[in-house]
Structure formats: C-alpha cells, structure tokens
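Below, read A as the first sequence line, B as the second, and so on, with proteins coming before strands; counting in each chain starts at 1.
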Amino acid sequence: MGLLSDPVRRRALARLVLRLNAPLWSLPVAWLERTMRSVGLEVYTQSFSRKLPFPDETHERYMVSGINVYGILRAPRAASTESLVLTVPCGPDSTNSQAVGLLLALAAHFRGQIYWAKDIIFLVTEHDLLGTEAWLEAYHDVNVTGMQSSALQGRAGAIQVAVALELSSDVVTSLDVAVEGLNGQLPNLDLLNLFQTFCQKGGLLCTLQGRLQPQDWTSVDRPLQSVQTLLLMVLQQASGRPHGPHGLFLRYRVEALTLRGINSFRQYKYDLVAVGKALEGVFRKLNHLLERLHQSFFFYLLPALSRFVSIGLYMPAAGFLLLVLGLKALELWMQLHEAGVGPEEAGRTSGSSPPFPPTQSVGLASLVAPLLISQAVGLALYVLPVLGQHVAAQHFPVAEAEAVVLTLLAVYAAGLALPHNTHRVVSAQVPDRGWMALKLVALIYLALQLACITLTNFSLGFLLAATMVPAAALTKPSGPRPLCAALLVLTSPAAVLLGSLFLWRELQEAPLSLAEGWQLFLAALAQGVLEHHVYGALLFPLLALGLYPCWLLFWNVLFWE
Amino acid sequence: MAAAVPLFLLVLLLLGSGGWSQAEPPRDSLREELVITPLPSGDVAATFQFRTRWDLDLQREKGTDHYFLRYAVLPREVVCTENLTPWKKLLPCSSKAGLSVLLKADRLFHTSYHSQAVHIRPVCRNARCTSVSWELRQTLSVVFDAFVTGQGKKDWSLFRMFSRTLTEPCPLASESRVYVDITSYSQDNETLEVYPPPLATYQDVILGTRRTYAVYDLLDSAVINNSRSLNLQLKWKRPPESEAPPVPFLHAQRYVSGYGLQNGELSTLLYNTHPYRAFPVLLLDTVPWYLRLYVHTLTITSKGKENKPSYIHYQPAQDRLQPHLLEMLIQLPASSVTKVSIHFERALLKWTEYTPDPNHGFYVSPSVLSALVPSVVAAKPVDWDESPLFNTLFPVSDSSSHFVRLYTEPLLVNLPTPDFSMPYNVICLTCTVVAVCYGSFYNLLTRTFRIEEPRTGGLAKRLANLLRRARGVPPL
C-alpha cells in the first residue's frame with residue numbers, strides 16, 4: 001500500500017488537481033489522452049450524441065454530444081478476458097475534477113505493479129450518466145436507448161466489477177456509498193461489505209444515504225436512525241432511477257457501486273491519500289476474485305452499512321399484503337357464484353345446481369368495455385405527453401418540458417372523469433353482479449402486477465401494495481362514497497409519488513413547503529418520463545400502462561350505479 | 001505496449017509441409033539464437049529460438065491424409081513455471097550453458113508478455129522429398145515492460161533483463177547467436193547505441209519491413225574472450241517519445257456482445273490498415289457446443305456493405321461430442337474494418353457438467369487468422385539453411401507478401417448457472433429422496449396383488465392324478 005506515500009507522487013497529484021480545477025467547459029480530451037498515455041495506458045476515445053425526447057430542465061440539456069476517454073491497463077501475461085472498471089463521471093461544471101486527479105494518480109500507481117490478473121479500465125465520461133450509458137452500450141455492442149455513438153476501439157473482456165467515484169467538494173469528510181441502481185437493482189452485498197471493511201481498516205468515515213452510522217448499537221435512538229435510513233433506501237430504490245453511474249452497470253450484470261465524497265461540515269476531513277488507499281485495497285481484493293461475486297445476497301435492504309435485512313425476512317410482509325387481495329377476490333367469487341345461481345336456487349345446495357347459468361356470459365361481456373377504456377387511457381398517458389409536446393407548445397404558452405408534464409397531468413385527471421357507464425347492459429335483476437365481476441378482475445389484475453413488481457423491485461412493490469391494497473379491498477359502490485373516493489384518490493399512483501417526495505425530504509431533514517413540493521413533483525414527473533426514454537427505466541411505463549388502468553377499474557367500481 | 005495477445009501453449013504438429021527445404025540438413029544439430037528488439041515505447045522484446053533436427057527411419061507416406069489432422073486448443077491454460085521446466089528439459093544443454101542460461105523463471109515471468117511454443121514438423125532432405133528428417137523448434141518470446149520491470153528507465157542490458165550474462169555457447173550447438181534489432185526509427189541517424197560494438201551486422205526483410213541487426217556469434221571467441229562474459233547493453237541516444245505505437249497492417253479484436261444469460265453474439269473485428277491493398281484472411285473459429293450458434297445469422301460487413309466470403313466450411317457441433325468448426329476465407333478491403341458476427345444461445349448444462357467454479361464463466365477459444373499480408377519491401381526468397389532461425393518458421397512463397405498468423409483474445413462467457421450453494425444441494429438431495437420414495441410407494445399402491453392359480457396342466461401331472469384317483473388318494 002505504498003500509494004502516494006512518497007512526496008513526488010503527492011506533488012504530481014496536487015498538480016493534476018490544480019490543473020483540473022481550472023474552469024473547463026468540456027472535457028479536456030487531448031490532455032487526458034496524453035496524460036493517460038504517459039502513465040502507460042492504452043488510451044481510446046468514444047464520441048456520442050443523443051437528442052433527448054424533450055428538454056431536460058433540471059440538467060439544462062437537450063441536444064447532448066460528448067466524448068468519453070478511457071485507458072486500459074493491460075494485466076501482464078494475461079489474455080484480457082476479465083476487467084475491472086474505475087469510472088469518474090464529469091458533468092458540464094468541473095465539480096468532479098478531484099476524482100479525475102485521483103483516477104490518474106491511481107492509474108500511475110497501478111501501472112507499476114506486477115500483480116494484476118485482470119485488466120483495469122479507467123473511464124472518464126462526459127455528461128455524467130449519459131456518457132456512461134453510451135460507453136456501456138458501445139462496450140456491449142447493443143443499442144437499447146437510441147444513443148448514437150462511435151464504436152469502441154479497445155475492449156478488455158467481461159467486466160466483473162465497476163466502481164464509480166464522485167468527489168463533489170474539495171473537502172471530503174466522509175464517503176457516501178450508493179447502491180441503488182436502475183429499476184431498483186442492487187449489487188451483490190459482498191461488494192458493499194468489501195468496501196466497508198476497507199473503510200474501517202483505513203479509518204475512513206462511511207455513510208449510507210448521507211447519514212452517519214450509529215456508533216453505539218445499544219443506544220435508544222438507534223432503532224429510529226436505522227428505520228430512517230431504511231426508509232430512505234426504500235424510497236430511493238422504489239424510484240427506480242440510477243442513484244449514481246454505477247446503476248447503469250447493473251443491467252449488464254456488472255456488480256457496481258458509487259462512492260461519493262461529501263462534505264458534511266464535520267471537523268475531521270480526509271486527504272485523497274486515504275481515499276486512494278481504500279480504493280487500492282478494494283481493487284487488489286477484486287483482482288484476486290476467481291469467480292464473479294455471487295455468494296452473497298442480491299436482494300436486501302440496508303438499515304445501516306454493517307446490517308442488512310435479507311429477502312427471507314421482508315418478503316413475507318409483502319406476501320401477506322397481497323394475500324388480502326387474494327382472499328377478497330375469493331370472497332367476491334363465492335358471492336358471484338351464489339348471485340349467479342339465482343334467488344330461488346340459492347337456498348338449495350350449490351353442488352347440485354349448474355355452476356354457470358347463462359347470465360354469466362352477459363356479466364363477462366360487460367367487463368370488456370371498462371377494461372378497454374381504462375387500458376386506452378393508460379396508453380394515452382404513456383404516448384401522448386411526448387408525442388404531443390410540440391402541438392401543446394404551439395397552442396399554449398408553455399415550453400416543451402412543461403407541456404409534457406401538464407399533458408401528463410391532464411390525461412391523468414381526464415381518466416377520472418371519463419364516463420364509465422358501460423355497465424347499463426347488465427341485467428337489472430342482479431344489479432350487484434356487474435361491479436362484483438369488475439372488482440374481481442381488478443383485484444386479480446392488481447395482485448398479479450404487485451406480485452411481479454415485488455419480486456424484482458421489492459421497495460416499489462411494497463410501497464404500492466401498502467397504499468393501494470387497503471383502498472382496493474374496501475372499494476364498493478355502496479357506503480360513504482365521498483369518503484371512499486377521497487381514500488382512493490389519496491392512494492392513486494400520482495398521490496403516492498407526491499407523498500413519497502414529502503416523506504423523502506422529511507427524512508433528509510429538509511422539509512418541503514407545499515409550493516416547493518408541487519414544483520418538485522412536476523420535476524419528478526418530467527425526470528421519470530425522461531429516464532424511461534434515456535436509460536430505459538421501467539417505472540413510468542409500469543405506472544402508465546399497468547397500475548394506473550388498474551386503479552381506474554377500482555374508480556369505476558366505486559362509481560357504479 | 002504491445003497488444004496483449006492470448007497466451008497458451010501451442011503444440012503444432014504440421015504433417016504436410018513437404019518441399020519446403022531442399023538442401024541436405026545437418027543431422028542432430030542444434031541451432032540457438034536470441035533476438036532482442038527494442039520497441040519505441042521503451043519496452044524490449046526478447047525471442048529465443050532453438051532448433052534441433054534429427055533423422056528418422058520412419059518414412060513419410062506420399063501425401064497427407066487430412067482425416068488425421070487434428071486441431072485442439074485449451075483457452076483456459078495460462079503459461080507458468082510448470083510449463084517452462086519441461087520445455088527447458090527438451091534443450092540439449094538444458095539451462096546449463098549457451099543461451100539457455102538466461103531462462104530464469106523469476107525474470108521471464110516478471111514480464112508483460114510471455115509466449116512459449118513447441119513446433120514439431122517433418123522437413124524434406126532432398127528436392128524430391130524421398131527422405132525426411134524431423135525438426136523440433138522451441139520458441140519463447142517475452143516483452144519486458146519499461147513501466148514495471150524497467151521501473152521507468154528505457155535503457156536495457158542483458159543483466160537488467162535476465163539477471164544473468166552470457167559466458168559460453170552450448171557445446172552441442174552448431175550455431176549460437178544473439179541478434180539485436182538496431183533499425184533506426186527516425187530518418188536522420190541512428191537512435192540506438194549497442195555496447196559492445198557488434199562485429200557484424202545482418203540485413204533482411206522481416207515481416208515486410210527492412211531490418212538491420214547487430215550479430216554476436218557466441219562461437220566466435222572474440223565476442224566473449226575479452227571480459228569472460230557478454231553483457232549486451234542498449235542505450236537510447238534520444239529517448240523515444242511516448243506516443244501511440246504504429247499499427248500493424250492486420251490486427252483483430254474479438255468480443256461477446258449483448259447482455260443477459262439467454263442470447264449473445266460473437267463478434268470479431270478484422271482491421272486492414274493498409275492504405276491501398278486488399279488481402280484475403282482465413283478465419284478459423286472453434287466454438288464449444290454449449291454456445292448454440294445460429295449460422296443463418298452469420299453476417300460479415302466491411303465498410304457498411306455485406307462481404308461475401310469466398311469459402312465457408314462449417315461443421316456443426318454435436319452435444320458433448322464435438323465443437324462447432326467454422327472456417328472462412330474473407331477478403332479484407334483496403335483500410336477497412338470487417339465485422340464478423342454470429343448469434344448464439346447459451347445452453348443449459350447438466351448439473352454435473354459445470355466446472356468447480358461455474359460463476360467464473362466458460363472460455364471460448366480464440367479465432368485463428370492466417371493471412372498473406374502485403375509487404376512494404378519486397379523480400380527475396382530465403383536461403384533456408386543460411387538465414388537466421390527467426391526468419392524461417394514460415395517460408396516466403398511470394399516476394400510481395402509475408403505470412404502472418406494471429407490469435408485473437410479468448411472469450412469468457414457466462415452460462416446460466418444454478419446456485420451451487422447449500423440450498424441447491426438440499427434441493428437436489430431432497431428431490432432424489434422424494435423420487436426414490438415416490439417411486440416405490442407408487443409401485444406399491446398401484447400394483448394389484450393376485451394369488452396365482454395353480455395351473456392344471458402337464459401330461460405327467462394329469463397322468464399322476466389319474467393314477468391317484470384310481471388309488472383313492474387326493475390329487476396333486
């Protein structure tokens with residue numbers, strides 16, 4: 001572990017950092033190439049361009065083009081079958097230049113060592129996640145998101161592990177670990193454990209979700225702290241957005257995490273040597289790996305860095321929630337069965353009567369119209385905002401990004417107002433029959449969807465189940481209708497999103513006012529649509545095409561006449 | 001740095017190389033040589049060549065039966081000291097004298113590139129090839145890295161490279177020489193200085209470019225006698241700039257594209273960087289059977305257009321018996337990149353067929369490219385026995401091109417792998433127990449038990465019963 005222990009290397013690092021701190025409007029590609037080559041790497045560049053579906057107002061970009069620079073350290077006498085990646089994303093402002101300096105210093109140190117068994121790729125991407133996505137797609141020679149990029153000249157086999165590094169401030173007082181990836185995917189728990197071990201060894205302060213780890217496990221407020229961290233992780237994972245550049249690697253089965261150096265204004269701070277030592281240790285350990293990381297958990301929740309909740313513990317909770325839907329559906333099915341038998345036959349034993357009288361077919365036919373209408377509204381919600389942005393921007397005094405969000409809200413609200421009076425065809429003698437059949441279908445549909453979501457992204461599934469299941473189970477046309485309607489609206493997907501935003505900021509100890517919350521909500525809607533188109537995040541289509549139509553069915557049940 | 005080329009121990013048994021050599025070769029003779037090539041990046045490449053020839057009474061049949069031609073490859077094998085030791089034992093002087101004293105494992109494996117080979121082939125002894133002698137050729141190439149081994153310094157000496165110096169030739173060798181590439185890289189004057197100054201130089205066309213070598217003959221007493229040992233030293237007069245190394249005319253890259261554990265695509269990129277000459281390349285691919293190739297998806301594109309190969313030989317795989325064999329002759333247009341891609345599906349293996357480390361992935365052997373690459377300088381046909389060894393492994397048939405054989409990198413492909421941990425074992429065990437129990441219970445429950453009626457038959461029995469009835473005894 002002789003990294004930067006001698007003053008020459010330390011001075012070189014300081015020079016790099018100074019050079020990089022100069023204002024730069026785009027990546028200094030030529031300089032990076034030259035520097036990487038001079039430390040003995042094989043250097044390649046990749047240019048990419050992407051036109052976003054609509055202007056991204058949060059990051060202020062629309063037509064994006066940039067250049068990624070990467071250098072490959074070839075392992076001696078090995079055949080380039082496996083590699084590790086150290087990536088540093090660079091945004092338009094030079095906030096991450098410290099990390100570039102550290103990357104170059106690490107590259108120079110690693111190059112002089114003989115023990116490498118896997119190639120190491122040092123990757124500097126422009127336009128942070130967009131560049132990472134372009135590089136990953138080109139590396140695996142696929143085109144998932146319509147990115148235009150030049151082909152890669154150099155490759156280094158199958159990537160085993162990637163580590164992304166972001167040092168957002170000049171002063172680093174703690175390292176924050178981000179694990180949540182695209183669509184709620186998580187890296188293997190062993191990678192996190194490995195990093196945590198080196199943090200402890202090097203005396204670095206590690207945080208999770210920007211929160212300090214409880215030092216004293218016996219104190220009173222420990223459970224509270226853990227629950228807060230856990231809730232933050234659940235919200236992050238449920239959002240399905242990559243919580244750092246590592247999130248995009250997970251799709252390609254590359255275990256990855258992001259390390260963020262943050263300044264939390266504590267009195268102890270670390271120089272980059274400590275961070276570099278921890279990274280060197282992590283890379284040496286990963287270099288010795290024979291197999292891919294597979295022994296530990298892929299599904300877990302983290303209340304603290306050193307504690308986790310395994311899938312075996314949390315899955316029953318979601319299972320019991322979904323059981324409610326199943327039982328309710330069973331109850332409806334039995335009621336329907338009795339209603340179908342008819343009043344004169346209901347008194348007799350049900351086993352002797354024919355189970356499906358002719359009225360059954362009318363009941364099923366009447367379900368087609370509400371199902372089709374709600375699915376059509378969902379499709380409109382998915383397609384219209386992006387398709388109609390230019391029309392909306394021409395006819396109304398709004399920008400494209402605003403037009404998308406407002407169309408989204410308009411279609412969403414219009415779905416509630418649609419006349420779902422298609423149930424008139426149902427025969428009058430069994431008036432309950434129609435809504436029961438519809439609710440039965442809706443319950444099964446919801447249960448199936450939630451079960452699928454829970455299996456892949458537990459946080460999202462659980463969040464949706466916890467909010468939607470009670471309302472769905474209670475909905476019926478009789479009873480206090482305004483109360484039920486209010487409950488149903490409060491548990492609709494959009495309201496859940498709004499509520500999660502407030503909860504998230506509350507947990508981060510930065511509470512929102514109502515106006516701020518609304519602004520954040522609009523921004524989150526735009527981000528959700530954008531992330532679907534740019535990175536292939538599945539949250540938006542899932543809500544628009546699956547859960548929203550399903551929720552409309554319950555709305556329909558509530559206003560059944 | 002030189003592009004990392006796959007390392008594997010390759011044993012080539014060339015059966016059909018008749019008519020290559022015309023003159024009578026000396027018998028049981030050893031020739032050894034060491035070629036040192038300083039690279040402009042500051043690295044230095046060293047190649048050892050040892051050649052032994054002997055006569056054998058075994059006569060070669062006319063022509064070669066290609067039915068017996070075999071090609072095998074072990075892509076997983078990484079060369080290490082246990083490959084070097086038996087390899088050294090094949091040398092007549094072992095590592096006691098001659099050039100082989102430099103073969104110290106700790107230095108040879110402290111390099112950035114290491115390649116070791118053994119070639120055995122029959123060589124004709126006369127023009128009509130009526131008698132054959134056998135040739136054993138051992139080569140070892142290493143590249144010493146300026147960054148790792150050289151610790152940043154770009155000047156080299158034999159001692160710095162091998163931590164040994166040369167003291168005597170191998171007594172059994174008929175020729176023992178060291179060649180140092182002193183071709184100047186810039187136009188004005190020579191950039192490299194060699195000490196001690198060479199007594200002779202040698203010029204030839206190697207791989208299509210003109211090269212100058214300083215020659216040190218160890219059998220020449222003047223070379224070693226002065227100081228009892230020869231420690232060659234290389235000094236750069238002007239340190240070479242660290243810039244991208246010159247690109248060879250033919251190079252290749254291979255990778256797996258796609259993600260997920262169901263499908264994938266094998267892609268091979270063939271680069272022809274020659275500005276105006278196209279040349280054909282023979283591409284040989286062997287792919288294990290557990291990657292099921294879809295041959296209809298084979299696409300070859302150069303410069304955006306489809307490139308139709310002039311010859312394709314495909315032998316489909318048989319599960320657990322033989323791999324896919326795909327051989328193509330492709331014309332590479334001038335200054336172009338040709339992409340050869342084929343889709344595959346990952347097969348699910350039986351659970352006993354997985355390796356002990358299934359999550360490491362499964363290796364796919366490298367493609368082999370054989371090409372006649374255009375030369376910059378026309379070469380004259382070599383005199384087979386007079387020219388140095390490094391020039392005669394592949395004969396020059398055409399003065400305008402030279403033969404190159406390239407191996408691409410091997411690939412590591414992940415197959416769908418069951419979780420071989422404790423739960424998996426428990427499931428397997430439980431299933432076995434349940435299957436055994438279920439089978440026997442099912443058998444018991446569905447079997448109908450009947451009491452076998454005694455057959456009333458048989459002539460003897462009937463006769464006996466008749467007699468018994470006559471005697472008044474109950475029948476059988």
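- Taking the six-membered ring for Trp, A/Phe297 and A/Phe308 have ring centres closer than 6.0 Å.
- Looking at B/Arg76 and B/Asp357, a side-chain N of the basic residue comes within less than 4.0 Å of a carboxylate O on the acidic one, giving a salt bridge.
- The contact between A/Arg251 and chain B is made by backbone and side chain atoms together, counting heavy-atom distances below 4.5 Å.
- Only the side chain of B/Ser267 has a heavy atom closer than 4.5 Å to any heavy atom of chain A.
- With chain B as the partner, the residue from A/Thr81, A/Val142, A/Ile72 showing the most heavy-atom pairs under 4.5 Å is A/Thr81.
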Given the rule in the side chain to side chain donor-acceptor pair (under 3.5 Å) test, do A/Thr145 and A/Glu137 qualify, once you have shown the distances and angles that lead to the verdict?
CA-CA 9 Å; A/Thr145 60; A/Glu137 284 186 13; 2.8 Å; yes
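- Shown here is A/Lys285, whose NZ atom has no more than 12 heavy atoms of other residues, nucleotides or ligands within 6.0 Å.
- Cation-pi geometry between B/Arg107 and B/Phe162 is not met at under 6.0 angstrom from the ring centre and within 45 degrees of the axis.
- Comparing A/Glu33, A/Arg253, A/Gln295, A/Arg292 by how many heavy-atom pairs each has under 4.5 Å with chain B, the most go to A/Arg292.
- Between A/Phe458 and A/Phe299, a ring centre-to-centre spacing not shorter than 6.0 Å is recorded.
- Contact of B/Phe109 with chain A is made through backbone and side chain together, with heavy-atom distances under 4.5 Å.
- For the residue pair A/Asn287 / A/Tyr115, no side-chain donor-acceptor distance below 3.5 Å is found, with atom types taken as modelled.
- Neither the backbone nor the side chain of B/Asp419 comes within contact range of chain A; no heavy atom of the residue lies under 4.5 Å from a heavy atom of that chain.
- In terms of heavy-atom pairs under 4.5 Å with chain B, the best-connected choice from A/Gln160, A/Glu82, A/Arg34 is A/Glu82.
- Heavy atoms closer than 4.5 Å to chain B are found in both the backbone and the side chain of A/Gln153.
- Across A/Asp141, A/Leu293, A/Val144, the residue that shares the most heavy-atom pairs under 4.5 angstrom with chain B is A/Asp141.
- Of the residues considered (B/Val256, B/Val413, B/Thr111), B/Thr111 shows the highest number of contacts with chain A, using heavy-atom pairs under 4.5 Å.
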